[in-house]
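Have a look at the structure below before the remarks.
A, B, ... follow the sequence lines: proteins, then strands. Residue 1 opens every chain.
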Amino acid sequence: MQIVVGAMGPGRVALVDPAVSSVPFETVALHDFGDVVRALEAAKRPRWIWADTRRWYPRLLAEGVRVERCHDLVLASAILDHSTMTTAIRAGAAHPRPEWLPLGPAEAGQPMTVVPAASAAHSPLFDLLDFDEADAPAQEPTAGPRDVLGVPVDAVLAEHARQLALVVASERPGALRLLLAAESAGALIGAELHAAGLPWHRGVHERVLESELGPKPAPGRKPARMEALAAEVRTLLGAPAVNLDSQVDLLKALRSAGIPVESTSRWELREHEHPAIEPLVAYKKLSRLLSANAWSWLDEWVVDGRFRPDYVPGGTATGRWATSGGGALQLPKNVRSAVVADPGWALVVADAAQLEPRVLAGLAHDEAMAEAGRGRDFYSGIVGAGVVETRDQAKVAILGAMYGATTGESGRLVPRLARAYPRAMALVDRAAAEGERGASVTTLLGRSSPLPGAEWRATQSLASQPEATAADERRARSRARDWGRFTRNFVVQGTAAEWALCWMAGLRSRLASIAATGVEPGSIASRSGSAFERMPHLVYYLHDEIIVHTPVEHADDVAAAVADSATEAGRLLFGGFPVEFPLDLAIVESYASADA
DNA sequence: GTAGCGCGCGCC
DNA sequence: AAAGGGCGCGCGCTAC
């Protein structure tokens, strides 16, 4: 069953069963919405069709209501309206996107926290979806869009119908259906991750900071260890006043000291011999920790023992997620020890080993490459096949093939890989060639790359004019290759993101059944939000890695569910093709213990 | 005072 | 060791 959700008049939500009628079977005040969803979910387990999960679902979760399935129209439109699988039908028939949809993936979704209406007044999407004015005095329903509370249910219905028509008439309806279901499940998961939060032990984090940086400094001061390193660097450079935090200043001081660098980046510094370099690199390391993940980060982001970043499913062009605030996708390894399970709970930590090369093998149907990945370690498999001599060589060669390396050791090794795995190499080369000519490329399930912008096109067309200079042509070639590297990587990274979404979506539903099998009386409740009391739930997601927080008695079942879901994701994407997706999986108390 | 940008670096 | 894809964030700096 499907239930379409939309607005109907100020502060009221309408529910439509499109199989029966376009007339709502129920309308409900916003403050009763959660109870109505709870009851319908229990009775019918429908797929909820709504404009934007990021606007609807957090308020349900806050009331302890979870839903099993949804269709997120904003995310689906971002896929369908750009996919090469729908190009023909979009060109041939009238399928105009409604105005309330945002223009592209970058704008998909709004912040999960409530934005003051004043600062969002310029955004038609925000106005249309803004339920937070529901408590304001009722206004004329016929007034302008600012008075519409949420996308009207009629518009939601119409958009859903438009999207279904695109899927049905597309080149690969089955692939797109799977992608939209996975993307929508991702939207639910993103909201749930925020609601649940990642268990974060402030004391452990503070001990890490103290051991690396020294005691917390007074406001406006630097930690003692950084001050000491800075003094050492200034002395060794013979630049007593240099500000190490200023790139310009530091670059000048380095050159005056006879170190001929073009930048102050770590990898370039390390190429030079000078006594100041070691303490300078150490200073930069600490400086990064201080500004990104130290005491002020803790104060801002960890509340009641939980880190709650805002996840943005579908937030990047390739379909990987983004986050907004807190840097959740960049947590340095050395502070991960602060991720600690609640008493009586455990963390099940899993990441997909060498996900992208395995995805490439599957995408290209490259039997030899899939064979190298059979068993545990993909890179050793490549060495075993005699393609290169060492595991490190295998790694740089593979990364070079997927990222488009042309120089260095990586660039030199790529041809050997191409001889051993011609199908895989041909696939990424073809993707690069498409990008170089300004075309878009598409993932296995149907997400297509954006087209290069006007400036890129202008550069290319300038170079094709008769009066173009050699410099124009060089520039155009270089820009073309840049875009080719993007599309080369896009197909692999994007398809890997699809695998990860399928993995998580499958895991999410398995976790729900584990929870439903019952919890022994007296088990300790988590401090998580009420939607996750006593049930295993996802608390972290990072491209190819997940963490589940679970009552200890369920940990083994959760681990099995994680592994089963990975197997299932591989089958969903690649059918019977024999590519394996092994996991590094651990049941631990602390995230830090999962690295082994 | 703030907006925008380049840099550098954390993660995958 | 080398410099090839995707991101977000904090900083210093410049321009307004």
Next item on the list: Check whether any side-chain N or O of A/Lys284 sits under 4.0 Å from OP1 or OP2 of B/dC9, and answer yes or no.
Entry: yes

Next item on the list: Would you indicate what A/Val396 reaches in the nucleic acid, counting non-hydrogen atoms under 4.0 angstrom: base, sugar-phosphate, or nothing?
Entry: base

Checklist line | Residue mapping more 5' on DNA chain C - nearest nucleotide basis, A/Glu271 or A/Asp245 | finding: A/Glu271

Next item on the list: Using a heavy-atom cut-off of under 4.0 Å over every strand shown, decide if A/Gly326 touches base, sugar-phosphate, or nothing.
Entry: sugar-phosphate

Notebook entry, point to check: Does anyone know the first and last nucleotide of DNA chain C in reach of chain A, 5' to 3', at under 4.0 angstrom to a heavy atom?
Noted result: C/dA1 to C/dC13

Notebook entry, point to check: With sugar-phosphate meaning primed atoms plus P, OP1 and OP2, does A/Trp321 contact a base, only sugar-phosphate, or nothing at under 4.0 Å between heavy atoms?
Noted result: nothing

Notebook entry, point to check: Between A/Asp482 and A/Arg485, is there a side-chain N and carboxylate O pair less than 4.0 Å apart?
Noted result: yes

Next item on the list: Specify the separation, in whole Å, of atom OH of A/Tyr541 and atom P of B/dC12.
Entry: 13 Å

Note to self: Check the orientation of A/Tyr540 and A/Tyr591. Use parallel for under 30°, tilted for 30 to 60°, and perpendicular for over 60°.
What the structure shows: perpendicular

Next item on the list: With heavy atoms under 4.0 Å as the rule, sort A/Thr406 into base, sugar-phosphate or nothing.
Entry: nothing

Margin query: Any base atoms under 4.0 Å from A/Ser287, or only sugar-phosphate, or nothing? Heavy atoms, all strands.
Written below: nothing

Note to self: Would you say CD of A/Gln247 has more than 12 non-hydrogen atoms from neighbouring residues, nucleotides or ligands within 6.0 angstrom?
What the structure shows: yes

Notebook entry, point to check: Within a reach of under 6.0 Å around CD of A/Glu278, are more than 12 heavy atoms found that belong to other residues, nucleotides or ligands?
Noted result: no

Note to self: Keeping A/Arg320 on the side-chain end and A/Ala496 on the backbone end, is there a donor-acceptor pair under 3.5 Å?
What the structure shows: no

Check: How would you label the contact of A/Arg320 with the nucleic acid (heavy atoms, under 4.0 Å): base, sugar-phosphate, or nothing?
Finding: base

Note to self: Filter on ring pair (Phe, Tyr, Trp, His ring centres under 6.0 Å), then keep only pairs touching residues 224-283 of chain A, sequence neighbours left out; what's left?
What the structure shows: none

Item checked: Which residue lies more 5' along DNA chain C, comparing A/Glu409 with A/His543 via nearest heavy atoms -> A/Glu409

Next item on the list: For A/Ser246, report the nucleic acid contact type (base, sugar-phosphate, nothing); a contact means any heavy atom under 4.0 Å.
Entry: sugar-phosphate

Margin query: Between A/Lys222 and A/Asp245, does any NZ, NE, NH1 or NH2 come within less than 4.0 Å of an OD or OE carboxylate oxygen?
Written below: yes

